[in-house]
Amino acid sequence: MSERRYEPSEIEPRWQAIWESERTWEVPNLSAAEADSAPPKSYVLEMLPYPSGEPHIGHLKNYAVGDAVAHFRRRHGHRVLHPLGYDAFGLPAENNAIKTGIPPREATDESIAAFQRAFRAWGLSIDWSREIASHEPAYYRWTQWIFLRLYERGLAYRKESAVNWCPNDQTVLANEQVIDGHCERCGHEVELRQLEQWFFRITAYADRLLDDLDTIRWPESVKAQQRNWIGRSTGAEVTFHNEQLGIDYPVFTTRPDTLFGATFFVMAPEHPDVLKLAAGTAQEAEVRAYVNRALNETAADRGAADKPKTGVALGRTVTNPVNGEPLPMYVADYVLMEYGTGAIMAVPGHDERDHAFAVAHGLPIRRVIEGPDGATSDEELPYAGDGPMVNSGRFDGTHNRTGYEQMIEWLQSEQRGHGTVSYRLRDWLLSRQRYWGCPIPILYCESCGMVPVPDEDLPVRLPEVEDYQPRGRSPLAAAEDWVHTTCPRCDGPARRETDTMDTFVDSSWYFLRYCDARNDQAPWDPEVLAQWAPIDQYIGGIEHAILHLLYARFFVKALADMELLSVQEPFAALFTQGMILGPDGAKMSKSRGNVISPMPIIERYGADAARCYVLFIGPPDQDAAWSEKSLEGVHRFLARLWRLGEEVSANDSRGPAESPSAPEGDALTLVRKAHWAIDKVTTDLDGRFAFNTAIAAIMELVNELYRHPDAEPRARRFAVATAASLVFPFAPHLGAEVYETITGERVWEQPWPQADPAMLVADSFELVCQVNGKVRDRVNAPTGAPREELERLALASAGVQSHLNGHEVVKVIVVPDKLVNVVAR
RNA sequence: GCGGCGGUGGUGGAACGGUAGACACGACGGACUCAAAAUCCGUUGUCCGCAAGGACGUGAGGGUUCGAAUCCCUCUCGCCGCACCA
């Protein structure tokens, strides 16, 4: 026996050096003519990492999944684009700079270097010629260019509104970055502030973002989250008239069928007309106090669902268009300015919130829809279900679903309203009062006003500053030399926009840049992009279900409208991998002290073992706790395979891995197992992402080899080479090593093995014999035997006979090549 | 409250409506060794039984079916997202 041992630290760097020097994983862009006759393309992409410190175990899993997919597709003859880059702008580097004084650029570049070392040590098959980082001017030049294109089309705009402000990070946040009223990043409570900010008009795409979810292969949970977030509701806009001031107030309602049940009218504290309406009334001072209090509340306090319904009367009324009734107007903080029109018609009989408010303020409650079984008592209100309409004038007796349509028709004919849809989605607030981000390419000229930076002046470079401390305005504002510039239109003095962009802007288009990463004339050549788009398989964490994945979809649709690309969706298929939890089953965190760092693991067990382990641990879309013992088991498996390679090469000369033509006995068992494993691994990987069971199948093949040590050498060589070939997508170094040892060939240059269908079926099988659905015997039966023969064999079996004694056979079910079920009474 | 996903041995997990528990961990037993490590072989759902064998078993209850972890209904527990969205 060989004295040598499986030493990943010796094997892995050797193969990495070959892939690096031969640029094995680079794929060139082809000319249009070349592309026509080229093999099918496959764009496989993992979400780009945010470089902060060292990579963690989650990165290892993410890239182990993506690399397996990329290898699998390459060996099916696809031209696989598999690039990588860095999402390099962002708050953590800047906060670190404030704490330590290390400039964000320095810390980021250092972290990028650590990621680069790690990715090479993991043996990932990346096309490094397309590497990008979002903080480099060569990249963010084009982020700015895209911003300008959006600006030209009115899709980027500046406006004042109530926005989320994080007092700790001293910057505004997008809606998507506020979790339960707290800052997504630092956890501090978020305040509402009235500020002028930059927005992307993502709401213009709400319908398409919603509808096109049906065209992509994404996990249902992610689609559901996006649908939820976009929140399309259909209903009607109804106009209520205020006589005193002569102003029309439209409201949005999903229940126009309950219009006769409206008994009051409520406006949001932020509604611009609230103070105007209250002016001169007895309630003026009270309204003013209420509005001030509401505006100063934190988002979390304001949003608490079970909070008592507070509010103040405005001393005014509006007229209900359906019956001319005057409805008292109120201001109350349960009405949100951002949704609908900032005002509602209140129907306490059929809406829980309006009901609570009516009870608290002694307002009338009127039933206008009959409850189930003709219920008409007021005790059962509020009632949100369907039924015939009552107390609704000429609509009485009409079912409310019908009444809904009729009411909209009536409103339309009277010009008092119309059917409409409303969305929960708000425009994307993209400006940040922080330093470490992409500068917004806009100037403010004293005479020309807001002026976009001309394309030829891009990039607007991020200047070096000394003080990163946020003070409620961007640290860039202190860079006087940079801020003061001249207007490209009038040559007069102008000032630069000092806010920077949300980092999600950078990551909303990076996957397009990979396709043409070194183009310095344009962000990409549309023809080149057409070769690669869309991404055939995207892989990342579920935490981006709304943020990045929604923003990127919006960008692609907007860019498609500009005819800069020809797809409507960036990610044709998405896979979301589960988290790796600490050994204690809790999320890894420094404070818990349960963090497993990938690099020491790799030094100890090798990259192959670490990669296989994170794939073997369970279904890859599920969370799983780290277990060193389990990792050792995977390492043991790889060592067993390695030893088989050594043994085969010691007993046999090198040669191609061919399936022996007419194996018998042990050899046949081995060859069959090898073909079974090929079939199993192939179907498990083919769109199913069942890496855990694929690896288990290779383990079975290896176990079978240990069980038949004396099988004929050619059969053993075939089986071992097959195991090496199949394990390659998960353990590329070991796969390449063992395969070369016994065949002299490079496994990644070999096509994916094909299972021989003849080897997948044996001559005989174990027939399961059931009586009334319970297994009573198993007998050997010839494959392909006719039903009658199987029935006869089963009925004759001892197990069936003993359970049948005295009972009458009613029926016999035969499943060919599988089982017989005897139904007896 | 709304939406989505789950509940299978001691553990992670397998299982086109057709042998529940593949594979792995752990545990137990054995081989090799002066000994240990490493390695190799075997046993391992629960209960009854010396055994042959049998009974029970996929959160609970019902249904469909020759046959249900799998499909349907009711309930329950857990996780995730959204949440005063009119």
For [N], the Watson-Crick or wobble counterpart (both distances under 3.5 Å):
N: B/C50; value: none
N: B/C56; value: B/G45
N: B/U39; value: B/A31
N: B/G1; value: B/C82
N: B/G61; value: B/C73

Within the structure shown, what part of the strands sits under 4.0 Å from [X] by heavy-atom distance: base, sugar-phosphate, or nothing?
X: A/Ser422; answer: nothing
X: A/Val812; answer: nothing
X: A/Pro619; answer: sugar-phosphate
X: A/Gln622; answer: sugar-phosphate
X: A/His355; answer: nothing
X: A/Arg825; answer: nothing
X: A/Asp333; answer: base
X: A/Gly340; answer: nothing
X: A/Val775; answer: sugar-phosphate
X: A/Thr253; answer: sugar-phosphate

Whole angstroms only, please: what is the [atom1]-[atom2] distance between [X] and [N]?
X: A/Phe637; N: B/C40; atom1: CZ; atom2: P; result: 13 Å
X: A/Leu819; N: B/U19; atom1: CG; atom2: C1'; result: 8 Å
X: A/Ile542; N: B/C79; atom1: CD1; atom2: C1'; result: 12 Å
X: A/Asp777; N: B/G18; atom1: CG; atom2: P; result: 21 Å
X: A/Asp817; N: B/U19; atom1: CG; atom2: C1'; result: 15 Å
X: A/Leu631; N: B/G12; atom1: CG; atom2: P; result: 18 Å
X: A/Leu581; N: B/U11; atom1: CG; atom2: C1'; result: 15 Å
X: A/Glu338; N: B/A86; atom1: CD; atom2: C1'; result: 13 Å

So, does [X] get its side chain near the phosphate of [N], meaning an N or O under 4.0 Å from OP1 or OP2?
X: A/Arg227; N: B/G81; value: no
X: A/His803; N: B/G54; value: yes
X: A/Asn692; N: B/A24; value: no
X: A/Lys811; N: B/C66; value: yes
X: A/Arg424; N: B/A83; value: yes
X: A/Arg707; N: B/C40; value: no
X: A/Arg776; N: B/G53; value: no
X: A/Ser233; N: B/A86; value: yes
X: A/Lys673; N: B/A22; value: no

* To do: Give a yes or no on whether a donor-acceptor pair under 3.5 Å exists between the nucleobase atoms of B/C82, that is its base, and the side chain of A/Asn228.
  =>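 Donor-acceptor pair under 3.5 Å: no.
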Is it the case that the side chain of [X] and the backbone of [Y] share a donor-acceptor pair, with hydrogens and angles ignored and the cut-off at 3.5 Å?
X: A/Arg426; Y: A/Arg424; value: yes
X: A/Asp248; Y: A/Thr239; value: no
X: A/Asn400; Y: A/Gly403; value: no

Output the single nucleotide from [options] whose closest atom is nearest the side chain of [X].
X: A/Met699; options: B/A86, B/U39, B/C23; result: B/C23
X: A/Gln225; options: B/G81, B/A86, B/A83; result: B/G81
X: A/Tyr706; options: B/A86, B/C84, B/C41; result: B/C41
X: A/Lys818; options: B/G18, B/A24, B/C41; result: B/G18
X: A/Arg778; options: B/A15, B/U39, B/U19; result: B/U19
X: A/Lys774; options: B/C56, B/U19, B/A24; result: B/C56
X: A/Asn821; options: B/G67, B/A83, B/A86; result: B/G67
X: A/Ile813; options: B/U39, B/A86, B/G18; result: B/G18
X: A/Gln770; options: B/A14, B/C84, B/U19; result: B/U19

Using the [atom1] atom in both, what is the distance from [N] to [M], to the nearest Å?
N: B/C23; M: B/C56; atom1: P; value: 27 Å
N: B/C66; M: B/C79; atom1: C1'; value: 38 Å
N: B/G13; M: B/G18; atom1: C1'; value: 22 Å
N: B/A60; M: B/G7; atom1: P; value: 13 Å
N: B/C16; M: B/U70; atom1: P; value: 13 Å

* Could you tell me whether B/G9 is syn or anti, where syn means a glycosidic angle within 90 degrees of zero? =>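 Judged by the O4'-C1' to base torsion, B/G9 sits in syn, the angle falling within 90° of 0.
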* To do: Answer yes or no: is there an ion pair linking A/Asp214 with A/Lys223, defined by an N-O contact shorter than 4.0 Å?
  =>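 Result for this pair is no, no salt bridge flagged.
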* Does A/Glu647 come within less than 4.0 Å of A/Arg716, counting only side-chain N to carboxylate O? ->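 Yes, this pair counts.
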* To do: Would you check if the distance from the ring center of A/Phe240 to the ring center of A/Tyr249 is below 6.0 Å?
  =>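 No, too far apart.
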* Pairwise side-chain contact, A/His350 with A/Pro382, heavy-atom cut-off 4.5 Å (strictly under) ->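 The answer is no; the side chains never approach within 4.5 Å.
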* Does the side chain of A/Thr203 pick up a donor-acceptor pair with the side chain of A/Asp427 at under 3.5 Å? ->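 Yes.
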* Scan side-chain atoms only and decide if A/Thr310 and A/Tyr290 contain a donor-acceptor pair under the 3.5 Å cut-off. =>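 Their side chains do contain a donor-acceptor pair, which is all the 3.5 Å distance test asks for.
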* Starting at the 5' end of RNA chain B, which residue's closest nucleotide do you reach first, A/Ala697 or A/Gly773? ->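 Its nearest nucleotide being more 5', the pick is A/Ala697.
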* **Pairwise 5' ranking along RNA chain B for A/Val822 and A/Asp354, keeping only the more 5' one** =>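 Looking at the nearest nucleotide for each, A/Val822 comes out on the 5' side.
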* Where do A/Arg255 and A/Met345 come nearest, in terms of heavy atoms and distance? ->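 In this case the closest contact between A/Arg255 and A/Met345 is O-CE, 3.7 Å.
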Nucleotide N/O to protein N/O under 3.5 Å, stretch nucleotides 4-9 of chain B:
none

* To do: Assess whether atom CD of A/Glu352 is packed by more than 12 heavy atoms of other residues, nucleotides or ligands within 6.0 Å.
  =>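 For A/Glu352, atom CD is not crowded (no more than 12 foreign heavy atoms under 6.0 Å).
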* Ring-face cation contact, A/Trp229 with A/Arg553, 6.0 Å cut, 45° max ->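 Here A/Arg553 fails the 6.0 Å and 45° test against A/Trp229.
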